[in-house]
Amino acid sequence: MSAPPIPPAAVSPEPRARAKINVRTLRTDRWWLTPLLTVLGLVAWVAYATVRAFMQKYYWVDDYHYLTPFYSPCVSNGCVPEAAHFGRVLPDVWFIPYAALSLPFLLLFRLTCYYYRKAYYRSFWLSPPACAVSEPHTKYTGETRFPLLGQNLHRYAFYAAFLISLINTFDALAAFRSGDGFGFGLGNVILLANVVALWAYTLSCHSCRHIVGGRLKHFSKHPVRYRAWTFVSRLNGKHQELAWLTLGTLAFTDFYVMAISAGWFSDLRFVG
């Protein structure tokens, strides 16, 4: 039995041409606000982090063993011995940050992060700046050419970020030692909160989600990995929020440790 004929009205004689719009967009809302705020936020954070990374002081509080995450692990010969938990191997020169072994990997992890790629593609490169807004570029090549080809390193940057999160956890736990005994203060709360936020952001990574649950054909045969994948998937839905949250916790934690180390005010102590 043959198929019924298609009504003439349903057949388009030729494909419709795209609408010719001379203006960049017909949107009347403030679509430019989000890209603008993203630029301002990222520029401000990078400026602060760069200054602090090369300041090479006010990073350690000896009384309470507070170490700022911007200097962890502190592996320069310029680090005070008490802050160098993993040895001192780098020369003490002004142009090498004290945490030079970790900072490049953390920068790579953030630069290649799926959310941050969206953020700076839209905000700095305007590719595109917002939905239904044309971009100024004449052609699109995606991530197939240098330097964007390096975005494929995200999986390996995740491994490094995972290890550095372990180091940050060690620093936060080591800070509970005040003198020769146990100590607990507001700085400990801030360091712990920052570590929890960093773990949430790191584990919410798309690469982590694929590592945990990828290449599985039957979740029922792998209940442990399925539970882990479900947990990571919930975090992954908040990846954008966690990305910005950790920028805030990192800067705030560093500023607090710097303020205590510089003697601007005293740490609020609960025990010890």
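Scope of the values below: all heavy atoms of this structure, side chains included, with no hydrogens, waters or symmetry mates.
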Without swapping roles, check the side chain of [X] against the backbone of [Y] for a donor-acceptor pair under 3.5 Å.
X	Y	value
H65	R177	yes
T246	L242	yes
Y71	Q56	yes
R225	L216	no
T25	A132	yes
S102	A99	yes
H85	I167	no

[X], [Y]: one ILVMFWY side-chain cluster at the under-4.5 Å cut-off?
X	Y	result
L166	I211	yes
Y66	V196	no
F252	L67	yes
F231	Y201	yes
L111	L103	no

(request) Might you work through the side-chain contact (heavy atoms from CB on, under 4.5 Å) test for F124 and L42, ending with a clear yes or no? (result) CA-CA 10 Å; F124 290 89; L42 291 178; 3.8 Å; yes

(message) Ignoring hydrogens and geometry beyond distance, is a side-chain donor-acceptor pair present between Y64 and N188 at under 3.5 Å?
(response) no

(message) Between S204 and N236, is there a side-chain donor-acceptor contact under 3.5 Å, judged purely by atom types and distance?
(response) no

Name all residues meeting the side-chain hydrogen bond (donor to acceptor under 3.5 Å, both in side chains) criterion together with [X]; count only those two or more places apart in sequence or in a different chain, and write none if there are none.
X	answer
T112	H154
R88	none
H222	none
D62	W60

Please write out which residues are connected to [X] in a hydrophobic cluster, directly or through intermediates, given that two of Ile, Leu, Val, Met, Phe, Trp, Tyr count as joined at side-chain heavy-atom separations below 4.5 angstrom.
X	answer
L90	V75, V89, V93, W94, F95, I96, L101
L126	none
L106	F105, I164
V133	W31, W32, L33, L36, L37, L40

(request) Scan residues 239-272 for pairs that pass disulfide (SG to SG under 2.5 Å), counting only residues two or more places apart or in two chains. (result)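 Non-adjacent pairs meeting disulfide (SG to SG under 2.5 Å): zero.
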
(message) Considering only residues two or more places apart or on different chains, which pairs with a residue in residues 58-89 satisfy disulfide (SG to SG under 2.5 Å)?
(response)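 Applying disulfide (SG to SG under 2.5 Å) to every pair that reaches into residues 58-89, excluding sequence neighbours, yields C74-C79.
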
Nearest non-hydrogen partners of [X] and [Y], listed with the distance:
X	Y	value
A243	Y115	CB-CD2, 3.7 Å
A200	L235	O-CD1, 4.1 Å
P91	N77	CA-ND2, 4.0 Å
F86	P73	CD1-CB, 3.8 Å
D267	G187	OD1-N, 3.1 Å
P104	A100	CD-O, 2.9 Å

(request) Begin from the C-alpha positions of V257 and V61 and carry the test side-chain contact (heavy atoms from CB on, under 4.5 Å) through to its verdict. (result) CA-CA 7 Å; V257 173; V61 180; 4.2 Å; yes

Check: [Y] and [X] side chains under 4.5 Å, non-hydrogen atoms:
X	Y	result
P128	H137	no
M258	W264	yes
Y256	L186	yes

With rounding to the nearest 0.5 Å, note down the distance linking [atom1] in [X] to [atom2] in [Y].
X	Y	atom1	atom2	value
R227	F219	CZ	CZ	13.0 Å
D63	R269	CG	CZ	8.5 Å
L191	F176	CG	CZ	8.5 Å
T144	Q151	OG1	CD	12.0 Å
T50	W45	OG1	CH2	8.0 Å
H239	T202	NE2	OG1	9.0 Å

(request) Only pairs at least two apart or in different chains count here, so list each salt bridge (Lys or Arg N to Asp or Glu O under 4.0 Å) that has a residue in residues 31-56. (result)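 Matches after skipping sequence neighbours: R52-D254.
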
(request) Among residues two or more places apart or on two chains, list those pairs meeting salt bridge (Lys or Arg N to Asp or Glu O under 4.0 Å) that have a residue in residues 117-138. (result) R117-E143

(message) Using the rule side chain to side chain contact (heavy atoms under 4.5 Å, CB included), only one of Y114, F162, F109 pairs with C205; which is it?
(response) F109

(request) Would you sort out whether H210 and R155 count as a side-chain hydrogen bond (donor to acceptor under 3.5 Å, both in side chains), showing the intermediate values? (result) CA-CA 10 Å; H210 182 265; R155 163 72 70 90; 2.9 Å; yes

(message) Run the side-chain contact (heavy atoms from CB on, under 4.5 Å) test on Y156 and L153 for me, step by step, so that the C-alpha distance in whole Å, both residues' side-chain angles and the decisive distance to 0.1 Å come before the verdict.
(response) CA-CA 5 Å; Y156 307 102; L153 296 174; 4.3 Å; yes

(request) Measure up the Y116 and W244 rings against each other and bin them: parallel (under 30°), tilted (30 to 60°), perpendicular (over 60°). (result) tilted

(request) Could you label the plane-to-plane angle of the Y98 and Y59 rings as parallel, tilted or perpendicular, counting under 30° as parallel and over 60° as perpendicular? (result)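 Correct class here is perpendicular.
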
(request) Determine, step by step, whether N194 and L198 satisfy the side-chain contact (heavy atoms from CB on, under 4.5 Å) criterion, reporting the C-alpha distance in whole Å, the side-chain angles of both residues, the deciding distance to 0.1 Å, and the verdict. (result) CA-CA 6 Å; N194 177 62; L198 288 177; 3.5 Å; yes

(message) If you count every heavy atom of other residues, nucleotides or ligands that lies below 6.0 Å from Y226 atom OH, does the total exceed 12?
(response) no

(message) Given the ring of Y120, does R110 sit roughly above its face, with NZ or CZ under 6.0 Å from the centre of the six-membered ring and within 45° of the axis?
(response)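 No.
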
